[in-house]
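Everything on this sheet refers to the single structure shown next.
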Amino acid sequence: RARVPLLKTPVPTPMAIAKLGSHLEDRLAERTTVHGVLLDVLGLGVLIAGESGIGKSECALDLVVRGHRLVADDTVEVRRRGETEVIGTCPDLTRYHMEVRGIGVLNIRDLFGVAATRTSKRVELVVQLERWDAHREHEDRLGLDEAHYEILGLSVPLVRIPVAPGRNIGVLVE
């Protein structure tokens with residue numbers, strides 16, 4: 001009558017508050033979309049980024065064939081959880097699907113089974129695919145300089161991989 005929501009649960013109060021808080025934090029989290037492919041590679045959430053047509057989806061398909069799991073292709077919805085986590089998911093429209101240029105749209109779940117996909121994964125590493133340029137000087141040949149990719153105000157470790165004909169980018173990402 002007073003238009004005040006009332007919650008009733010048989011669960012103990014501390015547990016109910018924790019679950020409700022977690023649910024609200026998830027639903028009200030800051031969100032954005034990122035162009036790339038998100039995979040679970042050996043348990044690590046890897047976001048493959050790079051310009052359009054550089055081979056992100058082909059690399060991801062190679063990784064799925066090698067036993068890793070697809071989360072999202074082309075458009076990754078990311079949300080910030082707490083002070084330290086970025087979680088990536090796939091939009092409903094493209095879930096379990098991947099588009100590979102010249103081949104078309106593939107249903108990864110149908111082709112490789114349910115174990116080849118995940119609905120969400122924490123973004124823990126960004127791999128930036130870049131076109132190989134023999135004239136550009138690659139300063140950090142030893143991998144000692146740490147680079148980062150910023151998503152929703154959080155810093156995620158970044159690795160840049162030059163893409164050139166004949167390179168197996170899937171193996172390099174792995």
Rounded to the nearest 0.5 Å, what separation is found between the [atom1] atom of [X] and the [atom2] atom of [Y]?
X	Y	atom1	atom2	value
Ile54	Gln128	CD1	CD	7.5 Å
Thr119	Arg95	OG1	CZ	6.5 Å
Asp73	Cys90	CG	SG	8.0 Å
Met98	Leu106	CE	CG	7.5 Å
Leu20	Leu7	CG	CG	6.5 Å
Leu129	Glu58	CG	CD	10.0 Å

Ser52 vs Arg101, side-chain hydrogen bond (donor to acceptor under 3.5 Å, both in side chains): CA-CA, chis, key distance, verdict: CA-CA 11 Å; Ser52 183; Arg101 282 209 170 108; 3.2 Å; yes
For residues Leu63 and Glu174, determine if any side-chain heavy atom of one lies less than 4.5 Å from a side-chain heavy atom of the other. yes
Is Leu111 close to Tyr96 at the side-chain level, that is, under 4.5 Å between some pair of heavy atoms? no
Where is the tightest heavy-atom contact between [X] and [Y], given as atom of each residue plus distance?
X	Y	answer
Gly50	Lys56	O-NZ, 3.1 Å
Ala72	Thr89	CB-O, 3.8 Å
Val11	Ala16	CG1-N, 3.9 Å
Asn107	His97	ND2-NE2, 3.4 Å
Arg167	Pro162	NH1-O, 2.6 Å

Backbone N/O of Thr117 and side chain of Arg109: donor-acceptor pair under 3.5 Å: no
Are the side chain of Glu99 and the backbone of Gly104 linked by a donor-acceptor contact shorter than 3.5 Å? no
Side-chain heavy atoms under 4.5 angstrom apart, residues restricted to Ile, Leu, Val, Met, Phe, Trp, Tyr: same cluster for [X] and [Y]?
X	Y	value
Leu44	Val65	yes
Ile103	Phe112	yes
Leu172	Leu125	yes

Tracing side-chain links under 4.5 Å among I, L, V, M, F, W and Y, which residues wind up in one group with Leu38? Val34, Leu47, Val71, Val76, Val78, Val86, Val123, Val126, Tyr149, Ile151, Leu152, Leu154, Val156, Leu158
Connecting only ILVMFWY residues whose side-chain heavy atoms lie within less than 4.5 Å of each other, what is the rest of Val105's hydrophobic cluster? none
Kindly determine whether Ile87 and Lys121 satisfy side chain to side chain contact (heavy atoms under 4.5 Å, CB included), including the steps that lead there. CA-CA 6 Å; Ile87 307 293; Lys121 183 67 180 153; over 6 Å; no
Does the pair Glu51 and Arg131 meet the rule for a salt bridge (charged side-chain N to carboxylate O under 4.0 Å, His left out), with working shown? CA-CA 9 Å; Glu51 66 184 63; Arg131 297 214 183 272; 2.9 Å; yes
Determine, stepwise, if the pair Asp74 / Val37 fulfils side chain to side chain contact (heavy atoms under 4.5 Å, CB included). CA-CA 6 Å; Asp74 197 42; Val37 182; over 6 Å; no
Evaluation steps, salt bridge (charged side-chain N to carboxylate O under 4.0 Å, His left out), between Arg80 and Glu85: CA-CA 6 Å; Arg80 182 176 171 160; Glu85 288 186 334; over 6 Å; no
Apply the test side chain to side chain contact (heavy atoms under 4.5 Å, CB included) to residues Val46 and Ile48: give CA-CA distance (whole Å), side-chain angles for both, the deciding distance (0.1 Å), then the verdict. CA-CA 6 Å; Val46 178; Ile48 301 173; 4.3 Å; yes
For Leu93, does the CG atom have more than 12 heavy-atom neighbours from other residues, nucleotides or ligands under 6.0 Å away? no
With a 3.5 Å cut-off and no angle check, do the side chains of Arg79 and Ser120 form a donor-acceptor pair? no
In this structure, which one of Ile169, Val173, Asn168 forms a side-chain contact (heavy atoms from CB on, under 4.5 Å) with Asp62? Asn168
Test Leu42 against His68 for side chain to side chain contact (heavy atoms under 4.5 Å, CB included), laying out the working first. CA-CA 7 Å; Leu42 300 170; His68 304 291; 3.6 Å; yes
